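Step one of this worksheet: look at the structure below.
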Amino acid sequence: MPMGKENVRILISQEDLERRVAEMAEEINRDFAGRSADDDSLVCIGVLKGSAFFLVDLLKKLTFPVKVDFFQTASYGSGTVAGEVRIRKDVDLPIRGKDVLLIEDIVDTGHTIRTVLGLLRFRGAKSVRLCALLDKVERREVDVPIDYCGFPIEDLFVVGYGLDYDERYRNLPYIGVLEMD
Ligand code: IMP
Ligand code: MG
């Protein structure tokens, strides 16, 4: 679909995303089954902005109570220390003693998630599980354990379903690969 100078080739269709997100929610529901309705110690934390679309679709399918919060991160640009991640927006909710489900759109080098995981542990989270829609395995520079992974993908630059190229394409209902011409 032409949406600018570039073409977007569909990599993961809307139907495949919906099916996989439903499967992931089922898996999470199974793992967290047995939590009582008044147990509000689970905090779901999304990393803005990319994970917002995935987080909303996933959380609507969870069958136990959760709280929702967000981090926003930024990587330093070229010319600075590689892998240094800045926290632009911190979470508002207290983390000490909480079970955290961290929700990310894509794990690429791993630096963003490693920084966020470190911060959550430092704050005294009781447990942290990572749920990532996409995993660019080949690009990994630091090891991060993904508990729930939607799709492993090749080393391609992808957009849509929250992911952007220069703030564009986030609202595509599928994941696509940008093809410049
Ligand atoms: P990291 O390299 O694992 O720290 O990933 C940092 C961030 O880069 C991710 O959270 C995404 O926001 C962004 N990113 C990585 N790969 C892509 C991509 O293919 N398309 C769009 N954003 C990406
Ligand atoms: Mg992101």
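Keep in mind that this is a model prediction, so the values were computed, not measured. In each ligand, atom 1 is the first atom listed, and ligand 1 is the first ligand listed.
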Query raised in the report: Is Glu104 near ligand 1, meaning one of its heavy atoms is under 4.0 Å from it?
Result: yes

Query raised in the report: What distance do Leu17 atom CG and Tyr174 atom OH have between them, rounded to the nearest 0.5 Å?
Result: 11.5 Å

Query raised in the report: Within less than 4.0 angstrom of ligand 1, does Gly50 place any heavy atom?
Result: no

Query raised in the report: Has Lys136 got any heavy atom lying under 4.0 angstrom from an atom of ligand 1?
Result: yes

Report summary line: Taking only non-hydrogen atoms of Thr112 and a 4.0 Å limit, the atoms of ligand 1 in range are 1 (P), 4 (O), 5 (O), 6 (C)

Query raised in the report: Taking only residues two or more places apart in sequence, or in another chain, which ones meet Arg19 in a salt bridge (charged side-chain N to carboxylate O under 4.0 Å, His left out)?
Result: Asp16, Glu23

Query - Contact with ligand 1 for Val159, non-hydrogen, under 4.0 angstrom - result: no

Query raised in the report: salt bridge (charged side-chain N to carboxylate O under 4.0 Å, His left out) with Asp147: which residues, sequence neighbours excluded?
Result: none

Query raised in the report: Can you name the closest pair of heavy atoms from Arg96 and Phe122 and give their distance?
Result: NH2-O, 4.4 Å

**Report entry** ligand 1 contact by Leu156, heavy-atom criterion under 4.0 angstrom
**Finding:** yes

Report task. Consider every N or O of Gly110 and every N or O of ligand 1, then say whether any pair is closer than 3.5 Å. Result -> yes

Query raised in the report: If you measure from the Lys or Arg side-chain nitrogens to the Asp or Glu carboxylate oxygens, is any gap between Asp143 and Arg114 under 4.0 Å?
Result: no

Query raised in the report: What atoms in ligand 1 come closer than 4.0 Å to a heavy atom of Thr109?
Result: 1 (P), 2 (O), 3 (O), 4 (O)

Query raised in the report: For ligand 1, is Asp164 a contact, meaning one of its heavy atoms is under 4.0 Å away?
Result: yes

Report task. Would you indicate which of Leu163, Val177, Asp108 comes nearest to atom 5 (O) of ligand 1 when only heavy atoms are counted? Result -> Asp108

**Report entry** Neighbour count >12 (heavy atoms, 6.0 Å) for atom CZ, Phe151
**Finding:** yes

Requested in this report: Decide whether an N or O pair under 3.5 Å exists between Val158 and ligand 1.
Outcome: yes

Report summary line: The atoms of ligand 1 lying under 4.0 Å from a heavy atom of Asp105, numbered in the order shown, are 10 (O), 12 (O)

Report task. Check the angle between the aromatic planes of Phe32 and Phe64 and answer parallel, tilted or perpendicular using the 30° and 60° thresholds. Result -> parallel

Requested in this report: Identify the two heavy atoms, one from Leu62 and one from Ala25, that lie closest to each other, and give their separation to 0.1 Å.
Outcome: CD2-O, 3.9 Å

